[in-house]
Structures are given as C-alpha cells and as structure tokens.
*Asks:* 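Sharing a structure below in structure tokens format, with a few things to ask.
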Amino acid sequence: MQGNGNGAQLMKSRVARVNSEKSWDLFITKATNQGCPVVVHFTAAWCMPSVAMNHFFEELASTYQDILFLSVDVDEVKVVASKMEIKAMPTFILMKEGALVDKLVGANPQAIRKMINGFIHSVRLHKN
C-alpha cells in the first residue's frame, strides 16, 4: 500500500517552531489579537536537558489546547532569545497580550505544569 501521508496527521505537532524573528512577531501578534496565552520553550539542539523536554512540551500542548505553544532554538533565532533575555536552556516563558507573565529556567516538568495551571486559574478568576 502506498503511503499517502495520512499517518502524519496523527503525529502532527501542536508545538509551533519559530524559525525567524518575523515568524515570532506573527505568532505573538496573532495570539495577542485572539487573547490567547503563549508558552515558549527556548531550546538548543546541543543542550540535552532541553531536547529531553521536547516530548513533555508536546504533551502539554495537547493537554492545554487553548494555549499557543512555541519552540525557539536559541541558535537559530538569536534575536528573539536576546530580546526575551534568555540566558540558559531550557527556559520556559509564559506570555499574555505580548507581555512576559512568568519565566522558568531548567528542565522541571512539575514546575512548568504548575506555572501553567496557576496562570490558567488566575485567568479564570479574572473572567468571573
């Protein structure tokens, strides 16, 4: 049977890769306009703790469907990394309306989940 690419649909990543400053600006502007929070994973191919977090980050993206999850390779998009003052990998940041809300350095799945849950809880409180 010929593969027609349908299998790829099942594995479609919910994490968008930022490959330029322009794509970063587009993602952030779109999320801001839609009132959508953003979680960003600043990573590097040579940083094993960062690479090890990729699968967990994908799981988070599947769990929290109303949040935009972005991945930024600091070597590919240095401008964005320096603009967001990223000093170590992995760094995870939470943004709302284009502004930094929270920042977490290190490969700590529990802390990342807690940061996102705390944020979602505070947003829900403000809506009520």
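Values below: every heavy atom of this structure, side chains too, minus hydrogens, waters and symmetry copies.
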*Asks:* Working note: I120 + Y64, criterion side-chain contact (heavy atoms from CB on, under 4.5 Å); need CA distance, chi angles, decisive distance, verdict.
*Replies:* CA-CA 10 Å; I120 289 169; Y64 303 99; 3.3 Å; yes

*Asks:* What is the distance from atom CE of M48 to atom CE of M89, rounded to the nearest 0.5 Å?
*Replies:*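 Result: 12.5 Å between the selected atoms.
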
*Asks:* Ignoring hydrogens, what is the shortest heavy-atom contact between A107 and P49? Give both atom names and the distance.
*Replies:* CB-O, 4.0 Å

*Asks:* Indicate the atoms forming the closest heavy-atom contact of A45 with V51, along with that distance.
*Replies:* O-CG2, 3.6 Å

*Asks:* Would you say W46 ends up clustered with V105 if hydrophobic residues are merged whenever their side chains have heavy atoms under 4.5 Å apart, either directly or through other cluster members?
*Replies:*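 Shared cluster, no.
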
*Asks:* Considering all heavy atoms of both residues, which atom of M115 and which atom of L104 are nearest to each other, and what is their separation?
*Replies:* SD-CB, 4.1 Å

*Asks:* Linking I/L/V/M/F/W/Y whenever any side-chain heavy atoms sit under 4.5 Å apart, do I116 and V15 land together?
*Replies:*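 Both belong to a single hydrophobic cluster.
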
*Asks:* Do the non-hydrogen side-chain atoms of K103 and T91 ever get within less than 4.5 Å of each other?
*Replies:* yes

*Asks:* Taking all atoms of both residues into account, what is the closest heavy-atom pair of L68 and A31, and its distance?
*Replies:*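 Minimum heavy-atom separation between L68 and A31: CD2-CB, 4.0 Å.
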
*Asks:* Check for a donor-acceptor pair, side chain of K87 on one end and backbone N or O of S82 on the other, with a separation under 3.5 Å.
*Replies:*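 Checked: no pair found.
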
*Asks:* Atom CD of residue position E97 - does it have more than 12 heavy atoms of other residues, nucleotides or ligands inside 6.0 Å?
*Replies:* no

*Asks:* Identify the heavy atoms of M95 and L100 that sit nearest to each other, and give their distance.
*Replies:* CG-CA, 4.3 Å

*Asks:* Is D25 paired with K83 through a side-chain N to carboxylate O contact shorter than 4.0 Å?
*Replies:*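 A salt bridge is present here (some side-chain N lies under 4.0 Å from a carboxylate O).
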
*Asks:* Rounded to the nearest 0.5 Å, what separation is found between the CZ atom of R17 and the CZ atom of F27?
*Replies:* 11.0 Å

*Asks:* Is a side-chain donor or acceptor of S62 paired with a backbone partner of E58 at a separation under 3.5 angstrom?
*Replies:* yes

*Asks:* Under the 3.5 angstrom rule, does the side chain of T32 hit a backbone N or O of G98 as a donor-acceptor pair?
*Replies:*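 A pair under 3.5 Å: yes.
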
*Asks:* Closest approach of P37 and F119, non-hydrogen atoms and distance?
*Replies:*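 That would be CB-CE2, 3.4 Å.
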
*Asks:* Give a yes or no on whether the backbone of A61 and the side-chain of R14 come within a donor-acceptor separation of less than 3.5 Å.
*Replies:* yes

*Asks:* For the residue pair I93 and F42, establish whether any side-chain heavy-atom pair is separated by less than 4.5 Å.
*Replies:*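 Answer yes - side chains close enough.
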
*Asks:* I'd like to check C36 versus K30 (side-chain heavy atoms, cut-off strictly below 4.5 Å). Are they in contact?
*Replies:* no

*Asks:* For the aromatic rings, using the six-membered ring if either is Trp, is the centroid distance between F57 and F69 under 6.0 Å?
*Replies:* yes

*Asks:* Walk me through whether N19 and W24 qualify under side chain to side chain donor-acceptor pair (under 3.5 Å).
*Replies:* CA-CA 8 Å; N19 53 15; W24 167 264; over 6 Å; no

*Asks:* Grouping I, L, V, M, F, W and Y whenever their side-chain heavy atoms are under 4.5 Å apart, do V38 and M84 come out in a common cluster?
*Replies:*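 V38 clusters together with M84.
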
*Asks:* Within the 4.5 Å heavy-atom criterion, are I67 and L60 side-chain neighbours or not?
*Replies:* no

*Asks:* Among residues at least two apart in sequence or on other chains, which ones pass side chain to side chain donor-acceptor pair (under 3.5 Å) with N108?
*Replies:* none

*Asks:* Does the side-chain contact (heavy atoms from CB on, under 4.5 Å) test come out yes or no for V74 and T43, once each step is laid out?
*Replies:* CA-CA 6 Å; V74 295; T43 182; over 6 Å; no

*Asks:* What do you reckon, is CD of Q34 surrounded by more than 12 foreign heavy atoms closer than 6.0 Å?
*Replies:* yes

*Asks:* Give, for atom CG of D75 and atom SG of C47, the distance between the pair rounded to the nearest 0.5 Å.
*Replies:*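 Atom-to-atom, D75:CG and C47:SG are 10.0 Å apart.
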
*Asks:* Can you tell if the side chain of H41 reaches within under 4.5 Å of the side chain of L70, non-hydrogen atoms only?
*Replies:* no

